[in-house]
There are 2 protein chains.
Amino acid sequence: MPVELTPSQALGLWHAVSLEQVRVDGRDLTLRQMAILLQIYLVPPPHTVRGLAMTLGVTKPVITRALDTMGALGLVDRVRDERDRRNVIIKRTVEGALYLEKFGDLIINQGRNLSL
Amino acid sequence: MPVELTPSQALGLWHAVSLEQVRVDGRDLTLRQMAILLQIYLVPPPHTVRGLAMTLGVTKPVITRALDTMGALGLVDRVRDERDRRNVIIKRTVEGALYLEKFGDLIINQGRNLSL
DNA sequence: GCCGATCGTTACGCAAGCGTTTCTTTTATA
DNA sequence: TATAAAAGAAACGCTTGCGTAACGATCGGC
């Protein structure tokens, strides 16, 4: 089920959502952090630091730091993998799910309000 | 012409675009910078520092710094307003227009590839 | 012409992200 | 069992963005 957008709609949607997100959310996640968060919540687990780093095309410390930040915000959680204790499994949280649910609503509403 | 999206489509679109943008673009504009850039290019001029600050709901130094950064990247330009020399008029650039055109294409393509 | 108001910038100390490198723990292999 | 490899975190110096406060330049009203 593809989404067909005109150039005006595409940029207009991004514009409206970015604007509203800046105005409303004090947290101000970076694009990388947002990409990581969405990857964790939209792609089936398990998620590891190394896996996320490869998917995003960034180094591992970037993922570690992003998880530190978003963990402090309660958006994600980390648990040792007991089957291979070198790994860390990144877990979703209720707060993170709520955050993305609200963000999804924001996108939907701004898309609905587009009048270009 | 509204855009109707399901929650999966909304978050899936944001996910795909963010991911691709992280992988491809080394510039890594913040959400605020992106919102400012889109405001400049999608809303009829003139744009001033104060106006952008009010629209975004942020302080003026935030705008000044964002314009510094994006100006260094060639994405925007600044010109003194000769009618009221206190003002600075923010100008669009060819490079900025190309940047957003490519970004719009990215959104359109990722939307088209959505298969949720 | 003066003086308060407005506009954008700059300065300051601080927090957060970056890339690279090093370290610790754990696992796999010879 | 000794050793190499792998995963994630921590350390390092650096860059960039932040909020607040102060600043110089310019305008408008008296």
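Chain letters run A, B, ... following the sequence lines, proteins first, then strands; residues in each count from 1.
In this structure, B/Leu67 places its CG atom 12 Å from P of D/dG17, rounding to the nearest Å. Separating the CG atom of B/Asp84 from the P atom of D/dG29 is a distance of 12 Å, rounded to the nearest angstrom. Note: NZ (A/Lys60) to C1' (C/dG17) measures 19 Å, nearest angstrom. Rounding to whole angstrom units, CZ of residue B/Arg65 and C1' of C/dA11 are separated by 11 Å. If you take CD1 of A/Ile63 and P of D/dA10, they are 16 Å apart, rounded to a whole angstrom. A straight line from CZ of B/Arg80 to P of D/dT26 spans 7 Å, rounded to a whole angstrom. Summarising the geometry, the separation between NZ on B/Lys91 and P on C/dG8 is reported as 14 Å, rounded to the nearest angstrom. Atoms CZ (A/Arg83) and P (C/dA28) sit 10 Å apart, rounded to a whole Å.
The backbone N or O of A/Ile40 lies less than 3.5 Å from a partner atom in the side chain of A/Arg92, making a donor-acceptor pair. No donor-acceptor pair under 3.5 Å is formed between the side chain of A/Asp25 and the backbone N or O of A/Gln21. In this structure, the side chain of B/Thr93 does not engage the main chain of B/Asp77 through any donor-acceptor pair within 3.5 Å. Under a 3.5 Å cut-off, the side chain of B/Arg80 and the backbone N or O of B/Arg86 do form a donor-acceptor pair.
Look at B/Thr64 and you'll find a side-chain N or O under 4.0 angstrom from OP1 or OP2 of C/dT9. At the phosphate of D/dC18, OP1 or OP2 sits under 4.0 Å from a side-chain N or O atom of B/Arg32. Of the side-chain N and O atoms in B/Arg86, none sit less than 4.0 angstrom from OP1 or OP2 of C/dT6. Side-chain N/O atoms of A/Thr69 include one lying less than 4.0 angstrom from OP1 or OP2 on C/dG17. Contact annotation: A/Thr30 does not reach the phosphate of C/dA16 (side-chain N/O to OP1 or OP2, under 4.0 Å). Between A/Arg78 and D/dA9, a side-chain N or O to OP1/OP2 separation shorter than 4.0 Å is present.
Within the 4.5 Å cutoff, no side-chain heavy atoms of A/Thr69 are placed close to those of A/Thr30. Side-chain atoms of B/Tyr99 and B/Leu37, non-hydrogen and from C-beta on, do get closer than 4.5 Å to each other.
Note: B/Phe103 and A/Trp14 have perpendicular aromatic rings, judged against thresholds of 30 and 60 degrees for the angle between ring planes.
Residue-level contact check: B/Arg85 touches the backbone only, with heavy atoms under 4.0 Å from sugar-phosphate atoms and none from bases. Counting non-hydrogen atoms under 4.0 angstrom, A/Gln33 reaches the backbone sugars and phosphates but no base.
Judged by closest nucleotide on DNA chain C, B/His47 is the one of A/Thr59 and B/His47 placed further toward the 5' end.
Checking D/dG19, D/dG8, C/dG19 against the side-chain heavy atoms of A/Thr48 singles out D/dG8 as nearest. When each of C/dG19, C/dG8, D/dG19 is scored by its nearest atom to the side-chain atoms of B/Asn87, the top-ranked nucleotide is C/dG8. The listed nucleotides are C/dC7, D/dA21, C/dC18; the one nearest the side chain of B/Arg50 is C/dC7.
The overall bend of the helix from C/dG1-D/dC30 to C/dA30-D/dT1, read as the angle between its terminal helix axes built from five base pairs each, is 10° when rounded to 10 degrees.
Partners of A/Arg78 according to the side chain to side chain contact (heavy atoms under 4.5 Å, CB included) rule, which considers only residues two or more places apart in sequence or in another chain, are A/Thr64, A/Leu67, A/Asp68, A/Val88, A/Ile90.
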